[in-house]
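Positions are given from 1, in the same order as the sequence printed here. Just so you know, these numbers come straight off a predicted model, no measurement behind them. These values consider heavy atoms only, across backbone and side chains, with no hydrogens, waters or symmetry-generated copies.
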Amino acid sequence: MTMLISPSRTTTGPLRTIDLDAVAANTRFFAARVTGELMAVVKADGYGHGAADVARTALANGATRLGVTSIGEALALRGVGIAAPIVSWLNHAGGADFQRAVDEDIDIAVPSIEHLDAVTATRGCARVHLHLDTGMARDGCEPTGWIGLCQRAREAELGGRISVVGVMGHLGDADDPGAASNRLGLALFEWGLDVARLSGLHPSIVHLAATSATLTLPGTRFTASRIGAGLVGIDLSRTATLKAPMTLTAPIVSVRAVAIGTAVGYGHDWVAPRSTHLGLVGLGYADGLPRSSSGKAEVLVNGRRHAIVGRMSMDQFVIDLADSGAAVGDSVVVFGPGAAGEPTVEEWAEWSGTIEHEIVTRVGAGVGTRVRRSTVGGPSRVSSAA
Ligand SMILES: *Cc1c(COP(=O)(O)O)cnc(C)c1O
């Protein structure tokens with residue numbers, strides 16, 4: 001659906017509106033492209049869109065599994081009644097609550113023998129995904145340790161302590177499909193899978209691809225794809241047409257007429273080149289709008305683009321309203337799908353010298369008290385629609 005942003009006056013504060021029908025459409029797009037299952041990745045509060053809402057919407061539209069970074073995130077999803085399979089992949093061997101993960105039926109990704117031993121020590125039979133580093137030098141098991149990890153996992157499995165249900169890897173350069181490192185990563189993963197099977201393991205959930213690889217490297221899809229960015233409309237491979245679910249709005253809180261030569265904000269980076277009207281908005285870098293966007297960013301007010309002038313402050317920014325007649329209470333669209341001419345998350349990423357992921361997760365993080373979140377659309381509505 002196309003979301004209509006009312007240009008009318010509003011007295012509400014900053015608001016993130018999440019169009020769950022856009023998440024639903026993106027999920028269906030990817031569900032039609034994976035060769036096996038779609039695992040919806042909802043880490044970092046669903047990339048700032050609300051983990052539970054994104055998870056439920058994805059599950060109602062073709063996703064069959066969920067993926068998160070931490071056991072805490074997985075427990076939060078269980079806490080709101082989400083019963084679908086969940087895997088958590090960044091778990092500290094010494095500190096993670098593996099027992100609760102096992103008790104709550106959360107799959108645990110294991111990158112080392114140390115982790116494996118901690119998981120094996122729990123009561124019950126842990127569901128494990130062995131995690132191989134396929135070219136990131138980050139959170140998977142180094143290939144040199146993989147044979148030992150598989151053998152130890154098989155011993156634990158024979159002892160009834162764990163069940164190895166999956167093998168996972170992650171590609172570091174999938175946004176650039178031609179990169180040789182993707183071929184190396186894929187070859188490593190296939191070797192790792194062989195080693196696991198030759199060790200006597202029978203992993204049925206085999207997952208390497210995330211959003212970009214699913215779109216551009218079909219050979220990496222195996223039995224499941226982990227899709228995070230794509231569900232919230234982000235595709236760095238620029239090969240898909242997705243919908244952006246998040247719209248950020250805030251009201252103009254004051255307007256003032258200023259004379260030519262008036263300097264605005266810290267450092268006086270912008271000086272009015274003519275007499276004009278300035279509008280003040282109560283959002284800043286503490287709300288996730290990067291300070292590095294200063295001097296470049298724009299917003300939409302009453303259907304027209306206006307420049308943000310002067311530096312982005314911690315809690316506020318100033319717009320050059322010229323003679324548009326915009327008034328206190330008018331709604332400022334900071335970003336959205338772009339259908340009405342408002343800036344997109346992609347534009348904000350460009351202005352800020354970063355990627356779209358950083359814009360949406362920052363705006364969605366730790367600002368619950370200042371940027372309210374509301375949703376439109378969603379699973380029930382989707383299932384009742386044609
Ligand atoms: C974040 C993450 C994903 C999701 O990647 P997207 O590109 O956002 O789809 C998949 N796998 C791992 C290991 C991740 O950390």
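Taking the charged nitrogens against the carboxylate oxygens, D287 and R362 have no contact shorter than 4.0 Å, which rules out a salt bridge. A salt bridge links R370 with D315: at least one charged nitrogen is closer than 4.0 Å to a carboxylate oxygen. A salt bridge does not link D323 to R274: none of the charged side-chain nitrogens sits closer than 4.0 Å to a carboxylate oxygen. Using a 4.0 Å cut-off between charged nitrogen and carboxylate oxygen, K243 and D21 do not count as a salt-bridge pair. Salt-bridge formation is not detected for the pair E104/R127: no Lys NZ or Arg NE/NH1/NH2 atom is positioned less than 4.0 Å from an Asp or Glu carboxylate oxygen. With respect to the salt-bridge test (charged N to carboxylate O, under 4.0 angstrom), the residues E347 and R305 qualify.
Side-chain atoms of S294 come within 3.5 Å of backbone N or O of M312 as a donor-acceptor pair. Although no hydrogens or angles enter the test, the distance criterion places a donor-acceptor pair under 3.5 Å between the side chain of N26 and the main chain of A22. Put simply, the side chain of E157 gets close to the backbone of V164: a donor and an acceptor are under 3.5 Å apart. In terms of modelled atom types and a separation under 3.5 Å, the side chain of D45 and the main chain of Y47 share no donor-acceptor contact. For T122 (side chain) and Q99 (main-chain N/O), no donor-acceptor pair under 3.5 Å exists by modelled atom type. The main-chain N or O of F222 is found under 3.5 Å from a side-chain atom of T35 such that the two form a donor-acceptor pair. Not a single donor-acceptor pair under 3.5 Å links the side chain of D139 to the backbone N or O of W89. Looking only at distances, a side-chain donor or acceptor of R373 sits under 3.5 Å from a matching main-chain atom of H49. Judged purely by atom type and a 3.5 angstrom limit, R78 uses its side chain to pair as donor or acceptor with the backbone of D105. In this structure a side-chain-to-backbone donor-acceptor pair under 3.5 Å is present from W146 to G192.
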With side-chain contact (heavy atoms from CB on, under 4.5 Å) as the criterion, how do I162 and L116 come out once you've worked through the C-alpha distance, each side chain's angles and the decisive distance to 0.1 Å? CA-CA 9 Å; I162 65 167; L116 186 70; 3.8 Å; yes
Before giving the answer on side-chain contact (heavy atoms from CB on, under 4.5 Å), spell out for V128 and L130 the whole-Å C-alpha distance, their side-chain angles and the decisive distance to 0.1 Å. CA-CA 6 Å; V128 164; L130 296 179; 3.8 Å; yes
Before giving the answer on side chain to side chain donor-acceptor pair (under 3.5 Å), spell out for S88 and N91 the whole-Å C-alpha distance, their side-chain angles and the decisive distance to 0.1 Å. CA-CA 7 Å; S88 163; N91 311 298; 2.7 Å; yes
Using the rule given for side-chain contact (heavy atoms from CB on, under 4.5 Å), can you reason through M39 versus V87, listing the C-alpha separation, both sets of side-chain angles and the distance that settles it, and then say yes or no? CA-CA 9 Å; M39 182 190 297; V87 59; 3.5 Å; yes
As a quick check of understanding, evaluate side-chain contact (heavy atoms from CB on, under 4.5 Å) for R197 and H202, giving each step before the final call. CA-CA 6 Å; R197 289 181 174 144; H202 301 280; over 6 Å; no
Apply side chain to side chain donor-acceptor pair (under 3.5 Å) to the pair Q151 and S199, showing each step before the final yes or no. CA-CA 6 Å; Q151 287 171 345; S199 305; 5.5 Å; no
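F98 places none of its side-chain heavy atoms less than 4.5 Å from the side chain of D103. In this structure, the side chains of I234 and T211 stay at 4.5 Å or more apart for every pair of heavy atoms. Looking at L193 and P203, their side chains come closer than 4.5 Å, going by heavy atoms from C-beta outward. Considering only heavy atoms from C-beta on, V110 comes within 4.5 Å of H115 through its side chain. A heavy-atom distance below 4.5 Å is found between the side chains of L66 and L59.
Note: H129 and H207 meet the aromatic proximity criterion, with ring centroids under 6.0 Å apart.
Taking every heavy atom of both residues into account, H268 and A263 meet most closely at CG-CB, 3.4 Å. Closest heavy-atom contact between L217 and L171: CD1-CD1, 4.3 Å. In plain terms, the two heavy atoms of A126 and V119 that are nearest each other are CB-CG1, 3.3 Å. What you find for W348 and S293 is that their closest heavy atoms are CZ3-OG, 3.4 Å. The heavy-atom pair separating A96 from I71 by the smallest distance is CB-CD1, 3.9 Å.
Under the 4.5 Å side-chain heavy-atom criterion for Ile, Leu, Val, Met, Phe, Trp and Tyr, L38 and V206 are members of distinct hydrophobic clusters. With hydrophobic clusters built from ILVMFWY side chains whose heavy atoms lie under 4.5 angstrom apart, V281 shares a cluster with V345.
With hydrogens and angles left out, the side-chain atoms of S313 and Q316 include no donor and acceptor closer than 3.5 Å. Remark: the S352 side chain and the T354 side chain contain no N/O donor-acceptor pair separated by less than 3.5 Å.
Partner S212 forms a side-chain hydrogen bond (donor to acceptor under 3.5 Å, both in side chains) with one of D235, D175, D173 and no other, that one being D175. For the side chain to side chain contact (heavy atoms under 4.5 Å, CB included) with F317, the qualifying choice from V264, L280, V299 is V299, the only one to do so. Just one residue in the list I359, T17, V371, L15 forms a side chain to side chain contact (heavy atoms under 4.5 Å, CB included) with L248, and that residue is V371. If you run side chain to side chain contact (heavy atoms under 4.5 Å, CB included) between L20 and each of D53, N61, V376, only D53 comes through.
Cation-pi geometry between R311 and W270 is not satisfied (NZ or CZ under 6.0 Å from the ring centre, within 45° of the ring normal). Cation-pi geometry between R33 and F29 is met: under 6.0 angstrom from the ring centre, within 45 degrees of the axis.
Rounding to the nearest 0.5 Å places OG1 of T69 at 6.5 Å from CG of L90. Rounded to the nearest 0.5 angstrom, E190 CD and T220 OG1 are separated by 10.0 Å.
Atom CZ of R256 has 12 or fewer neighbouring heavy atoms from other residues, nucleotides or ligands inside a 6.0 Å radius. Annotation for R100: atom CZ does not count as buried by contact number, only 12 or fewer foreign heavy atoms lying within 6.0 Å.
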